[in-house]
There are 2 protein chains.
Amino acid sequence: MSIAAFAEQAVTSADKTFLQLRVDIVEGAIPPGSKLSETELSTKYQVSRAVIREAINRLESCHLVERKANVGARIVSLTPQGLIQLYQVREALEGMAARLAAKNMSDQEIADLTALLDNHFQTVKGGESYYQEAGDLDFHYRIILGSKNQHLIEVLVNGIYHLIRMYRVQFGMAGPRVTTAFDEHKHVVQAIANRDEELAEMLMRRHILYSKNNIERKLLQS
Amino acid sequence: MSIAAFAEQAVTSADKTFLQLRVDIVEGAIPPGSKLSETELSTKYQVSRAVIREAINRLESCHLVERKANVGARIVSLTPQGLIQLYQVREALEGMAARLAAKNMSDQEIADLTALLDNHFQTVKGGESYYQEAGDLDFHYRIILGSKNQHLIEVLVNGIYHLIRMYRVQFGMAGPRVTTAFDEHKHVVQAIANRDEELAEMLMRRHILYSKNNIERKLLQS
DNA sequence: CCGCCCAGCTTTGTCGACAATAAAGCCTAA
DNA sequence: TTAGGCTTTATTGTCGACAAAGCTGGGCGG
């Protein structure tokens with residue numbers, strides 16, 4: 001359920017098309033760099049061009065597609081340095097999120113977060129590397145929401161994280177760093193529980209910086 | 001010219017309407033919290049409803065308006081804590097921008113930035129408080145662009161700064177802090193010139209933090 | 001007298017057609 | 001043969017009309 005809180009419900013037809021398209025893009029069903037023809041999509045998804053246009057507009061505000069006037073929309077093309085830049089933004093924003101979470105999360109929320117981590121620990125100890133995807137996301141989402149900062153939440157949840165997921169799929173990073181990342185998570189939560197804003201931010205920044213370095217290494221060797 | 005580099009040129013009709021609407025919103029011609037009726041706007045700006053809808057969509061991605069399905073769009077309502085949250089995001093992002101600028105700006109760009117500051121110094125010394133608006137913006141924009149980080153630039157320039165301007169207009173902060181802010185700017189530039197990433201980030205963060213505190217004080221006493 | 005429900009009306013969502021712009025291919029001329 | 005310009009064609013931008021959902025006001029029943 002934890003993550004399901006973000007299941008935005010689509011009421012209008014453009015909503016559904018937007019969500020569907022976003023999945024298709026992030027999951028790679030439509031490859032990066034490819035052109036999005038309005039007429040083609042309108043037949044494919046059985047909706048009018050106006051709906052497609054609205055969906056594409058929203059995709060653009062997620063930074064998943066780029067439009068040029070009188071030319072059309074293309075899915076963004078992914079580059080290693082683009083991923084690096086994304087992690088730089090993540091480091092700044094999630095660092096601040098951790099700081100604010102240390103200040104603003106309720107005791108109950110912190111308790112829940114701790115419980116979540118214990119739960120994950122059982123899984124990790126069991127040897128399953130299930131952790132990476134769902135668990136990691138859940139952890140980061142909770143802290144972002146815990147910041148109680150609407151702008152922060154918006155930019156990260158609706159903007160950056162879909163792009164991150166897209167990179168993960170395209171560059172095929174299922175990712176090791178499971179146990180070490182788990183320890184880092186634990187320390188961040190401890191700092192938040194201690195209401196140590198300074199430390200929470202620093203630890204979160206390092207956690208993301210390590211991730212970035214890890215990814216850089218993998219990108220270079222391939 | 002410096003700032004004119006951001007003069008996005010509108011080619012399509014929706015572009016012009018969007019830019020016009022954005023000005024009208026940011027400058028306060030359309031007050032915060034008010035409803036944006038599509039038909040009303042379409043007669044007012046002499047364009048079809050489709051154009052208005054597209055413009056509103058883009059305004060939404062700037063976080064200047066909020067939409068509800070089957071209900072309509074309203075201009076965001078401004079709250080003191082909303083402004084605080086905005087400054088928290090600014091602190092994180094522009095701090096990172098200063099760090100990256102110290103790494104990525106060319107020597108020429110740094111020289112230009114220094115010259116710009118000297119120029120501003122003459123103005124400040126002359127007693128004109130012209131500085132606040134244009135000069136401050138120019139300084140921050142250059143460092144943001146100097147980061148060479150596309151995501152950072154996007155979020156700040158197209159998203160946050162218009163909101164900041166809107167708050168400035170609505171809450172009527174022409175702003176003192178002229179000379180002290182100038183010194184802070186100077187120190188940031190020095191750190192960037194020395195390629196001291198750590199210090200550049202720290203100084204920029206403090207600069208914005210001071211601004212935030214200053215604003216908080218003013219908000220409370222009113 | 002108060003509250004609920006229904007009808008009408010306003011506003012948004014969706015659609016198909018037309019206009020305008022840019023890309024592609026062909027034709028001509030150097 | 002190739003470069004340049006023109007024509008054709010496909011795609012996007014814009015429009016007005018229709019469909020559907022929400023809000024408002026009046027009437028009915030408790």
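So you know, we letter chains A, B, ... as the sequences are listed, proteins then strands, and number each from 1. No hydrogens, no waters, no symmetry mates; every other heavy atom, side chains included, goes into these values.
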[X]: what forms a salt bridge (charged side-chain N to carboxylate O under 4.0 Å, His left out) with it, not counting sequence neighbours?
{"X": "A:Glu66", "answer": "none"}
{"X": "A:Lys212", "answer": "none"}
{"X": "B:Glu94", "answer": "B:Arg90"}
{"X": "A:Asp118", "answer": "none"}

B:Arg67 side-chain N/O to B:Gly72 backbone N/O, donor-acceptor pair under 3.5 Å: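 Checked: no pair found.
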In a check of side-chain contact (heavy atoms from CB on, under 4.5 Å) between A:Met166 and each of A:Ile25, A:Leu86, A:Leu83, which one passes?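 Running side-chain contact (heavy atoms from CB on, under 4.5 Å) over A:Ile25, A:Leu86, A:Leu83 with A:Met166 returns exactly one hit, A:Ile25.
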Pick out the pairs of N or O atoms, protein on one side and nucleotides 6-9 of chain C on the other, that lie under 3.5 Å.
none

Could you pull out all residues at least two apart from [X] that satisfy ring-ring contact (aromatic ring centres under 6.0 Å, His included)?
{"X": "A:Tyr87", "value": "none"}
{"X": "B:Tyr167", "value": "B:Phe171"}
{"X": "A:Tyr161", "value": "A:Tyr141"}

Rounded to the Å, how far apart are [X] [atom1] and [N] [atom2]?
{"X": "B:Lys35", "N": "C:dT11", "atom1": "NZ", "atom2": "C1'", "result": "7 Å"}
{"X": "B:Arg74", "N": "C:dT12", "atom1": "CZ", "atom2": "P", "result": "11 Å"}
{"X": "B:Leu41", "N": "C:dT10", "atom1": "CG", "atom2": "P", "result": "18 Å"}

With a 4.0 Å cut-off (strictly under) to non-hydrogen atoms of chain B, the first and last hit nts on DNA chain D, 5' to 3', are D:dG13 to D:dG22
What parts of residues 50-57 of chain B reach DNA chain D, counting only heavy atoms under 4.0 Å away? B:Ala50, B:Val51
Could you identify which residues of residues 58-71 of chain A place a heavy atom less than 4.0 Å from some atom of DNA chain D, listed by residue number, or say none?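 DNA chain D contact set from residues 58-71 of chain A: A:Arg67, A:Ala69, A:Asn70, A:Val71.
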Note, B:Glu109 side chain near B:Lys148 side chain (heavy atom, < 4.5 Å): yes
Does any non-hydrogen side-chain atom of A:Leu19 lie less than 4.5 Å from one of A:Lys16?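 No, too far: nothing below the 4.5 Å cut-off.
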Mapping A:Arg49 and B:Ala73 to their closest nucleotides on DNA chain C, which lands nearer the 5' end? B:Ala73
Of B:Ser37 and B:Val11, the one whose nearest nucleotide on DNA chain C sits closer to the 5' end is B:Ser37
As a quick check of understanding, evaluate salt bridge (Lys or Arg N to Asp or Glu O under 4.0 Å) for B:Lys35 and B:Glu40, giving each step before the final call. CA-CA 10 Å; B:Lys35 184 159 164 33; B:Glu40 184 184 334; over 6 Å; no
Residues which pass side-chain hydrogen bond (donor to acceptor under 3.5 Å, both in side chains) with B:Gln46, listed by chain and number, not counting sequence neighbours: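 Expected list: none.
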side-chain N/O A:Lys16 vs C:dG13 OP1/OP2, d < 4.0 Å: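 Indeed not, no polar side-chain atom of A:Lys16 lies that close.
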